[in-house]
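Below is one structure, written out as structure tokens, with a few remarks after it.
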Number of protein chains: 2
Amino acid sequence: MTDSQPMAAFRLHIAKKGLRHTKQREEILSALFSSKKHVTAEELFDILRSKVAGIGYATVQRNLNLLRECGLAEEVKIGNQKARYEPKRGKEHHDHLICLKCGRFIEVNDPRLEKLQDGLAKANGFAPLRHKLEIYGTCAKCA
Amino acid sequence: MTDSQPMAAFRLHIAKKGLRHTKQREEILSALFSSKKHVTAEELFDILRSKVAGIGYATVQRNLNLLRECGLAEEVKIGNQKARYEPKRGKEHHDHLICLKCGRFIEVNDPRLEKLQDGLAKANGFAPLRHKLEIYGTCAKCA
DNA sequence: CATCATGATGATAATGATTATCATTATCCA
DNA sequence: TGGATAATGATAATCATTATCATCATGATG
Ligand SMILES: [Mn+2]
Ligand SMILES: [Mn+2]
Ligand SMILES: [Zn+2]
Ligand SMILES: [Zn+2]
């Protein structure tokens with residue numbers, strides 16, 4: 001069973017920090033990267049219960065935070081809803097079109113947008129680190 | 001004491017909905033529009049305590065929601081921090097550069113950005129209603 | 001102006017998401 | 001293999017926001 005790319009990165013991060021490798025961590029990472037949509041901790045927890053007997057909700061939450069810290073997961077938070085997580089591969093970036101009717105996330109990326117944002121920041125003496133663009137509206141299926 | 005423009009709009013909205021005009025509502029609107037930064041409900045509450053004896057926290061929260069509904073206030077929510085509110089005059093729109101060190105909000109607006117976003121949405125068969133762009137980084141003063 | 005139906009308020013409890021705690025278990029280095 | 005200690009899982013705590021409800025205030029009515 002050869003490690004996937006993200007799994008290797010996770011192991012490396014864990015080793016560097018003097019943390020320990022556990023079955024739970026392995027399964028949480030695997031489940032996140034297998035998920036086809038933006039999942040909540042709870043949804044991930046429900047998926048994992050059938051794979052890892054006795055796994056706890058707190059462990060899922062904790063490790064989603066850990067994955068976020070090492071750049072393998074990203075959090076998407078809409079208002080006061082529960083946070084959703086998506087796997088992050090490399091340095092790729094995308095923004096979201098979020099349908100207010102069905103809740104679907106459409107992922108988009110436009111280099112012109114990114115460039116404009118950088119220019120806007122620098123014009124204000126601002127050093128940008130990251131950004132979040134969310135466009136809310138109605139998707140094609142719900143129109 | 002002649003009503004300010006937003007006050008008149010607020011009164012109109014209240015009348016249309018069959019709601020009632022109260023001293024608390026008047027003072028909450030006034031305090032919000034007098035505030036020079038993006039305030040939390042708690043900060044507004046603290047300001048209002050000295051103007052309206054006995055005012056309750058819940059009343060401030062409730063009426064910030066009401067103001068939001070009628071387009072006179074806008075909520076800015078960062079992660080799990082408490083929501084911040086700013087007065088909204090007309091249909092103007094702006095985005096935020098948010099300093100991760102001092103928490104300052106810099107307001108920006110670029111028509112090219114807005115246009116690009118619209119194009120991006122429509123290219124995906126998406127009908128945009130509103131959007132939120134937040135750029136996180138370090139401001140000039142904190143550099 | 002007095003009445004009164006009902007919306008608004010204020011104190012407090014409830015809710016919901018996330019984090020902290022802690023006894024127990026599992027990891028992994030010497 | 002033993003042992004220091006990180007991780008887990010169950011649960012409590014926290015924090016922002018909302019709901020509840022007794023009481024008060026508004027404003028339409030006559
Ligand atoms: Mn995404
Ligand atoms: Mn603003
Ligand atoms: Zn949709
Ligand atoms: Zn700053």
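In the text below, chain A, chain B and the rest are named by the order of the sequence lines, each starting its count at 1.
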How long is the gap from CZ on Phe45(A) to CD1 on Ile28(A), to the nearest 0.5 Å?
10.0 Å
Do NZ/NE/NH1/NH2 and the carboxylate oxygens of [X] and [Y] come within less than 4.0 Å?
X        : Y        : value
Glu27(B) : Lys51(B) : no
Lys37(B) : Glu86(B) : no
Lys82(B) : Glu42(B) : yes

Under 4.0 Å from OP1 or OP2 of [N]: is there any side-chain N or O of [X] that close?
X        : N       : value
Gln81(A) : dG16(C) : no
Asn63(B) : dT9(C)  : yes
Arg25(B) : dA8(C)  : yes
Thr22(B) : dA8(C)  : no

Taking the side chain of [X] as its heavy atoms from C-beta onward, which of [options] lies nearest to it?
X        : options                  : value
Ala58(A) : dG9(D), dT17(D), dG10(C) : dG9(D)
Gln24(A) : dA6(D), dA8(C), dT8(D)   : dT8(D)
Lys82(A) : dG10(C), dG7(C), dA17(C) : dA17(C)

Give the rounded distance in Å between these two atoms: [atom1] of [X] and [atom2] of [N].
X        : N       : atom1 : atom2 : answer
Lys23(A) : dC28(C) : NZ    : P     : 14 Å
Leu48(A) : dG9(D)  : CG    : P     : 10 Å
Asn80(A) : dA14(C) : CG    : P     : 21 Å
Gln61(B) : dT9(C)  : CD    : P     : 13 Å
Ile28(B) : dG10(C) : CD1   : C1'   : 12 Å
Leu64(B) : dT18(D) : CG    : P     : 10 Å
Ile55(A) : dT11(D) : CD1   : P     : 16 Å
Lys77(A) : dC15(D) : NZ    : C1'   : 12 Å

Classify the side chain of Arg20(A) and the base of dT5(D) as holding, or not holding, a donor-acceptor pair under 3.5 Å.
yes
Between Ala41(B) and His21(B), which residue's closest nucleotide on DNA chain D lies nearer the 5′ terminus?
Ala41(B)
For Lys17(A), which contact category applies under a 4.0 Å heavy-atom criterion: base, sugar-phosphate, or nothing?
nothing
Would you tell me whether His21(A) and Glu26(A) have side-chain atoms, one donor and one acceptor, within less than 3.5 Å of each other?
yes
